[in-house]
A.B. asks: 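Got a structure here, written out as structure tokens. Questions coming.
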Amino acid sequence: MERRTFMEIIGAGSLILPPLACGLRRPVAAGPTFLDGIATTCELCPNKCSVLAVVKDGHITKLNPNPDNPKSRGMLCARGNAAVQQVYDPDRLKQPLIRVGARGEGKWRPASWDEAFDYTAKKLSDIKAKHGPEGTLWSSTEGFQEIFFKNLGQAFGSPNVMRHPSLCLASVNLAYSMTYGTVPSFDLLNADYVIMAGANRFESIITPDTMDLIGGTMERKAKLIYLDPRFTVTASKADEWYPIKPGTDMAFILAMMNVIIAENRYDKAFLESETVGFEQLVEHVKPYTPEWAEGETEIPAQDIARIARAFADAAPRAVFYAGRRSSWYQNDFQMRRAQALLNAIVGNWDRQGGMVPNQKIAKGEFLVLPWDDPKAARVDEVEKAFPLASAKDGVYLPLRENLLKGQPYPVKGWMIYKQDPLHALPDQGKTMKMLDQMEFVGVIDIAMSDTAWYADVVFPESHYLERTDPIEVMPGIWPAAVYRQQVVKPIHDTKPCLEIAQGLAKRLGLSDYFDYTIEQWVEAEAKELPIQNGLEHMKQRGVVAVSQPKYGTTRNPVHRFLTKSGKIELFSDRLKEAGHDPLPVYTPPVQPSGGRFRLVLGRKATITHATLTNLPWLHEHNPENDLWIHPEPAAKLNIQSGDLLEVSSSVGQVRIKARVTQEIRPDCVFMLHGFGKKSPWLKRVHNVGAADSVLLETAWDKVSGNAAMHETFVKVVKA
Ligand SMILES: Nc1nc2c(c(=O)[nH]1)N[C@H]1C(S)=C(S)[C@@H](COP(=O)(O)OP(=O)(O)OC[C@H]3O[C@@H](n4cnc5c(=O)[nH]c(N)nc54)[C@H](O)[C@@H]3O)O[C@H]1N2
Ligand SMILES: Nc1nc2c(c(=O)[nH]1)N[C@H]1C(S)=C(S)[C@@H](COP(=O)(O)OP(=O)(O)OC[C@H]3O[C@@H](n4cnc5c(=O)[nH]c(N)nc54)[C@H](O)[C@@H]3O)O[C@H]1N2
Ligand code: SF4
Ligand SMILES: [Mo]
């Protein structure tokens, strides 16, 4: 694609959506597709939008959005478009590599796949002989081939299969599960009143919420109230923006409940029939008045009271939106529980424009030979320390603490799939120590990430446009099953994760667990799709979806919520039994002292986490990160935009340029993720800007074990 065309598509600085999406206001029912291309599914972030890839003479020339998918609403964002460039990126991994110099020295020798498999299998077998299979850690982030990597770790016998949620959304998921027995979606397409607290939907894209919010606020005029210490793009599109004092959202929510209950604006019939613990909640929120909350949040009491009334009046078409990345504070679970309770008392559950339990699309499953359960307990001791958390996903930061102490047993091998722990975990120095104490580190990636740079063997996975992956069901109000099929043959010596797992399995004596092809796997899944000739349909269209959402499926007298009481639990006995507050109790956050600032994090529409900053089309939009600082403290510190700063926390120090802006509160600073790379192969961002993970301190939420990434205070001086 011509560069100019691409720039036209992504626009300049606006919300980054191609023209088709802007013209598309409603979910598209399955119908004829007027766009050409091979149907597949984007892998550049967790949304998995549907794509039609245009191929000319064996070369991908363009990616179009596929309007069949009601979840992606005919949208393909700037990152999704830039995937073309990723395939042909000269900086991508092109063949297996084995380290020859010291770790991090950057001396590699290209290896054949046989060599890379033999070498890795020998190392893993040696560790198993010495420490047992539990002496290995298998960590990964979501992706359609992640299942094969997890299966290999489990078949190997390790209990230490560690997924990403405890860096991302574990606390919000647990809060809604403990309350409703499930994690719902929010019907932004039909809501009349939306409150978002630090859910930066116009930059942190979640489908279909981002597109529905555009429809909602710009076309349908639904009210959007937005709380964020920063003036984000979402703030700029909101009806009201409040630069809330960080860490005080729970005070705002409790005060809203105080008003709604005191003024009898709650849904009495719903509370009586569907919930337990309302009497306790009534007593609990009495002290939390708007006047009290004003002192905590710095949001005027009259605004809190007015918003509470308007929210209750608009219900059930009113939502306090849950947010996605809930790795904020040490009381994150309880803050999200407070949101869940606020939604419950206005009765927006399972109603159009409210909070709706997710629907799914049926699909088949390929049955693999079962392996034995691991003999050892997990090294993160999740069952003991966080009995309510998801034991199968684990808790990453407590795991790192234990691992560094060698407790309860040593872990000496680390296999990593589609994850960059040096950037994804707070305190990069500590993660580096964790890498250092490993006898073996193997990374499966598409790029030479920083973690790959410190590995012993790097396995290049084929790009998503070069692979066929399992069919995945994306649950939601408009659920979809999506398919990723190979668009072009791998252009370098790369393999999909399944074949990497099979290569290792063969040498580890585990081949029986991987005795199938991706085609057989997909065929088994497609057989039970609710459509005729499922596989053929998927190859042609890439999507099976519902044309209309279902509301109210759980609003009937026989429905039981998947909680202990079978009802929505406002007061939670299970929390009490586990030693936690059964109703959310507010504790004021510790404030930065001694001229320090709270470091807050967030995203931009053209970056995914710590990646894509090296890709030319996107790099142009994000050449370097900088530190947002308010003009008042900047003046005191004699800092001007562009000045080089030294920013330090108790665990690290970075140099980064200043951006003096009123778009942030005076007590916070902010920087984007994805810069200050150690890997010289990411040449545009190698030593450019700074990595937030260097500064972030280790802290986690007490109930879920989710990382708490807004608890770090930093000192800022001119360099
Ligand atoms: N400091 C800080 N830490 C954070 C966050 C933050 O905002 N700031 N956000 C948190 C959140 S919400 C999340 S979800 C996590 C995400 O944490 P990570 O999953 O580590 O996120 P990414 O930076 O996207 O890194 C993914 C890696 O996968 C590689 N990759 C991409 N596509 C493929 C593929 O198809 N196959 C393979 N094998 N590899 C691929 C990329 O090159 C990259 O090295 O980070 C968490 N940690
Ligand atoms: N473009 C893009 N889109 C993405 C992703 C991506 O990497 N890039 N990643 C996807 C993933 S995995 C996730 S988890 C989601 C994350 O999406 P979100 O859940 O929206 O999270 P963040 O973008 O990290 O935004 C957090 C916001 O909270 C604000 N904030 C900080 N402290 C407080 C506070 O105390 N109170 C309030 N009210 N606000 C606060 C920050 O300033 C920031 O703007 O985005 C998804 N979508
Ligand atoms: S939001 Fe963008 S990057 Fe994420 S899946 Fe969709 S098109 Fe791809
Ligand atoms: Mo995330």
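Source: prediction; values computed, not measured. Whatever order the structure lists ligands and atoms in, that order sets their numbers, starting from 1.
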A.B. asks: Working note: Asp212 + Arg73, criterion salt bridge (charged side-chain N to carboxylate O under 4.0 Å, His left out); need CA distance, chi angles, decisive distance, verdict.
C.D. replies: CA-CA 9 Å; Asp212 289 351; Arg73 301 261 195 271; 2.8 Å; yes

A.B. asks: Against Leu682, only a single residue in Asn614, Thr611, Leu615, Thr613 fulfils side chain to side chain contact (heavy atoms under 4.5 Å, CB included); can you say which?
C.D. replies: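 With Leu682 as partner, side chain to side chain contact (heavy atoms under 4.5 Å, CB included) holds for just one option, Asn614.
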
A.B. asks: Less than 4.0 Å between a side-chain N and a carboxylate O, is that true for Lys418 and Glu461?
C.D. replies: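 Salt bridge flag = no for Lys418 with Glu461.
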
A.B. asks: Donor-acceptor pair, Asp445 side chain versus Met448 backbone, under 3.5 Å?
C.D. replies: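 No: the side chain of Asp445 does not pair with the backbone of Met448.
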
A.B. asks: Using distance alone, decide if ligand 2 has a nitrogen or oxygen within less than 3.5 Å of any nitrogen or oxygen in Tyr226.
C.D. replies: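 In this structure, Tyr226 places no N or O atom under 3.5 Å from an N or O of ligand 2.
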
A.B. asks: Hey, which atoms in ligand 2 end up nearer than 4.0 Å to a heavy atom of Glu203?
C.D. replies: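 The list of qualifying atoms is 1 (N), 2 (C), 3 (N).
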
A.B. asks: Going by heavy atoms, is Arg201 under 4.0 Å from ligand 2?
C.D. replies: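 Arg201 counts as a contact of ligand 2 under the 4.0 Å cut-off.
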
A.B. asks: Charged N to carboxylate O below 4.0 Å: is that the case for Asp91 and Arg684?
C.D. replies: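 Yes.
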
A.B. asks: Between the side chains of Arg484 and Glu466, is the shortest nitrogen-to-carboxylate-oxygen separation below 4.0 Å, so that they form an ion pair?
C.D. replies: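 Looking at Glu466 and Arg484, the cut-off is not met.
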
A.B. asks: Short N/O distance, under 3.5 Å, between Tyr329 and ligand 2?
C.D. replies: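 Yes; the residue has a nitrogen or oxygen that sits under 3.5 Å from a nitrogen or oxygen of the ligand.
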
A.B. asks: Quick one: does Arg79 get an N or O within less than 3.5 Å of an N or O on ligand 2?
C.D. replies: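 N/O-N/O distance below 3.5 Å exists for this pair.
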
A.B. asks: With a 4.0 angstrom cut-off on heavy atoms, strictly below it, pick out the residues next to ligand 1 and order them by chain and number.
C.D. replies: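 Contacts of ligand 1 under 4.0 Å: Thr141, His164, Leu167, Cys168, Arg325, Tyr417, Lys418, Gln419, Asp420, His423, Ala424, Ile444, Asp445, Ile446, Ala447, Ser449, Glu461, Arg467, Leu601, Arg603, His609, Ala610, Thr611, His673, Asp692, Leu696, Met709.
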
A.B. asks: So is Gly323 polar-close to ligand 2, meaning N/O to N/O under 3.5 Å?
C.D. replies: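 No, since none of the N or O atoms of Gly323 sits under 3.5 Å from an N or O of ligand 2.
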
A.B. asks: Excluding waters, how many protein N/O/S atoms sit closer than 2.8 Å to atom 4 (Fe) of ligand 3?
C.D. replies: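 Excluding waters, the total comes to 1.
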
A.B. asks: Find all atoms of ligand 2 within a distance of less than 4.0 Å from any non-hydrogen atom belonging to Ile206, and give their numbers and elements.
C.D. replies: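 Answer for ligand 2: 46 (C).
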
A.B. asks: Evaluate Ile205 for polar contact with ligand 2, using N/O atom pairs at a separation under 3.5 Å.
C.D. replies: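 There is such a contact, yes.
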
A.B. asks: Could you tell me whether the side chain of Ile629 reaches within less than 4.5 Å of the side chain of Thr661, counting heavy atoms only?
C.D. replies: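 Counting from C-beta outward, Thr661 and Ile629 never come under 4.5 Å.
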
A.B. asks: With a cut-off of 4.0 Å, which atoms of ligand 2 are near a heavy atom of Ala199?
C.D. replies: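 Once the distances to Ala199 are compared, the set is 20 (O).
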
A.B. asks: Within a distance under 4.0 Å of any heavy atom of Asn200, pick out the atoms of ligand 2 and give their elements.
C.D. replies: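 That gives atoms 20 (O) of ligand 2.
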
A.B. asks: Can you check whether Leu422 reaches Ser693 side chain to side chain, under 4.5 Å on heavy atoms?
C.D. replies: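 SC-SC contact between Leu422 and Ser693 ruled out.
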
A.B. asks: Mark up the atoms of ligand 2 that fall under 4.0 Å of a heavy atom belonging to Ile244, in ascending order.
C.D. replies: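 Taking each heavy atom of Ile244 in turn, ligand 2 has 36 (N), 37 (C), 38 (N) under 4.0 Å.
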
A.B. asks: How many angstroms lie between CG in Asp332 and CD in Gln334, if you round to the nearest 0.5 Å?
C.D. replies: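 Here the interatomic distance stands at 10.5 Å.
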
A.B. asks: For a 4.5 angstrom cut-off between non-hydrogen side-chain atoms, does Met415 reach Phe459?
C.D. replies: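 Yes, side chains in contact.
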
A.B. asks: Distance under 4.0 Å to a non-hydrogen atom of Thr232: what atoms of ligand 2 satisfy this?
C.D. replies: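 What qualifies from ligand 2 is 44 (O).
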
A.B. asks: Would you verify whether the NZ or CZ of Arg336 falls within 45 degrees of the ring axis of Trp328 while also being under 6.0 Å from that six-membered ring's centre?
C.D. replies: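 Yes, cation above the ring, under 6.0 Å and within 45°.
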
A.B. asks: Mark up the atoms of ligand 2 that fall under 4.0 Å of a heavy atom belonging to Pro246, in ascending order.
C.D. replies: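 Those qualifying, in numeric order: 35 (O).
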
A.B. asks: Should the pair Lys150 and Trp138 be classed as cation-pi, given the thresholds of under 6.0 Å to the six-membered ring centre and 45° from the axis?
C.D. replies: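 Verdict for Trp138: no cation-pi partner in Lys150.
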
A.B. asks: Would Arg596 pass as a cation-pi partner of Phe713, given that its NZ or CZ must be under 6.0 Å from the six-membered ring centre and within 45 degrees of the axis?
C.D. replies: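 Geometry flag: not set, cation outside 6.0 Å or 45°.
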
A.B. asks: Only heavy atoms of Lys604, strictly under 4.0 Å: list the atoms of ligand 2 that pass.
C.D. replies: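 In order of numbering, the contacting atoms are 1 (N), 2 (C), 8 (N).
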
A.B. asks: With Lys48 as the cation and Phe144 as the aromatic partner, state whether NZ or CZ is under 6.0 Å from the six-membered ring centre and within 45° of the axis.
C.D. replies: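 Yes, Lys48 sits over the ring of Phe144.
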
A.B. asks: Is the number of heavy atoms from other residues, nucleotides or ligands within 6.0 Å of CD (Gln662) greater than 12?
C.D. replies: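 Counting other residues, nucleotides and ligands, CD of Gln662 stays at 12 neighbours or fewer.
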
A.B. asks: To the nearest 0.5 Å, tell me how far Trp241 CH2 sits from Arg230 CZ.
C.D. replies: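 Rounded to the nearest 0.5 Å, the CH2-CZ separation comes out at 10.0 Å.
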
A.B. asks: Would you kindly specify which portion of Phe670 sits under 4.0 Å from ligand 2, judged on non-hydrogen atoms: side chain, backbone, both or neither?
C.D. replies: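 It is neither part, as no heavy atom is under 4.0 Å.
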
